[in-house]
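For reference, the structure discussed in these notes is given below.
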Amino acid sequence: MVITDVIMPQMDGKVMAERLKATYPDLKILFTSGYTDDTIAQHGVLETGVAFLPKPCTTAALACKVRAMLDNESDSTFLRKQSVTINQSQ
């Protein structure tokens, strides 16, 4: 698994991910960014099926997203678990 920012100085995260996936097709990639949706959309990361976690995020949110990806869960399942986790911590 690779966790990468969408926008980086030398190469954006999507290009890096495509290069890695060429060698490791089963590699799971989680994109993250603190930029607005419009900026991220220009980099093609908000497409269906792309794993994305906006910054800032809590360590619990990151851990849940990583676990969900490793378990091959959908984003809707992840969001339900996030809601439960947040409600339990209040």
Side-chain angles (χ1 to χ4, degrees):
M1 174 175 235
V2 172
I3 301 171
T4 183
D5 205 305
V6 174
I7 301 170
M8 299 184 294
Q10 305 272 313
M11 172 189 315
D12 74 29
K14 186 169 184 192
V15 171
M16 183 193 72
E18 289 168 351
R19 289 184 183 178
L20 287 169
K21 295 276 265 178
T23 304
Y24 307 99
D26 294 331
L27 184 66
K28 295 177 187 292
I29 299 175
L30 173 59
F31 292 98
T32 184
S33 182
Y35 284 92
T36 63
D37 287 352
D38 291 339
T39 302
I40 297 165
Q42 291 173 1
H43 290 265
V45 174
L46 295 181
E47 297 167 358
T48 303
V50 175
F52 179 76
L53 186 64
K55 291 191 293 188
C57 67
T58 65
T59 53
L62 175 60
C64 285
K65 183 67 174 181
V66 168
R67 180 77 269 156
M69 289 179 68
L70 293 174
D71 292 344
N72 291 317
E73 293 178 352
S74 68
D75 276 346
S76 59
T77 302
F78 166 72
L79 291 173
R80 271 197 311 277
K81 285 184 176 182
Q82 273 297 104
S83 176
V84 169
T85 302
I86 290 169
N87 291 333
Q88 289 176 347
S89 66
Q90 293 177 354

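Just the heavy atoms: all of them, side chains too, but no hydrogens, waters or symmetry mates, feed the values below.
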Notebook entry, point to check: Can I29 and M16 be said to form a side chain to side chain contact (heavy atoms under 4.5 Å, CB included), step by step?
Noted result: CA-CA 10 Å; I29 299 175; M16 183 193 72; 5.8 Å; no
Check: Closest heavy-atom contact between M1 and L70?
Finding: SD-CD2, 4.4 Å
Notebook entry, point to check: How close do S33 and V6 get, heavy atom to heavy atom, and via which atoms?
Noted result: CB-CG2, 3.9 Å
Next item on the list: Could you check V66 against L53 for side chain to side chain contact (heavy atoms under 4.5 Å, CB included), going step by step and ending with a plain yes or no?
Entry: CA-CA 10 Å; V66 168; L53 186 64; over 6 Å; no
Notebook entry, point to check: Roughly how far apart are T58 OG1 and K65 NZ, rounded to 0.5 Å?
Noted result: 13.0 Å
Notebook entry, point to check: Donor-acceptor pair, D5 side chain versus M8 backbone, under 3.5 Å?
Noted result: no
Check: Which one of T4, V50, L62 satisfies the side chain to side chain contact (heavy atoms under 4.5 Å, CB included) criterion with L30?
Finding: L62
Notebook entry, point to check: Any idea which heavy atoms bring K14 and F31 closest together, and the distance?
Noted result: N-CE2, 3.7 Å
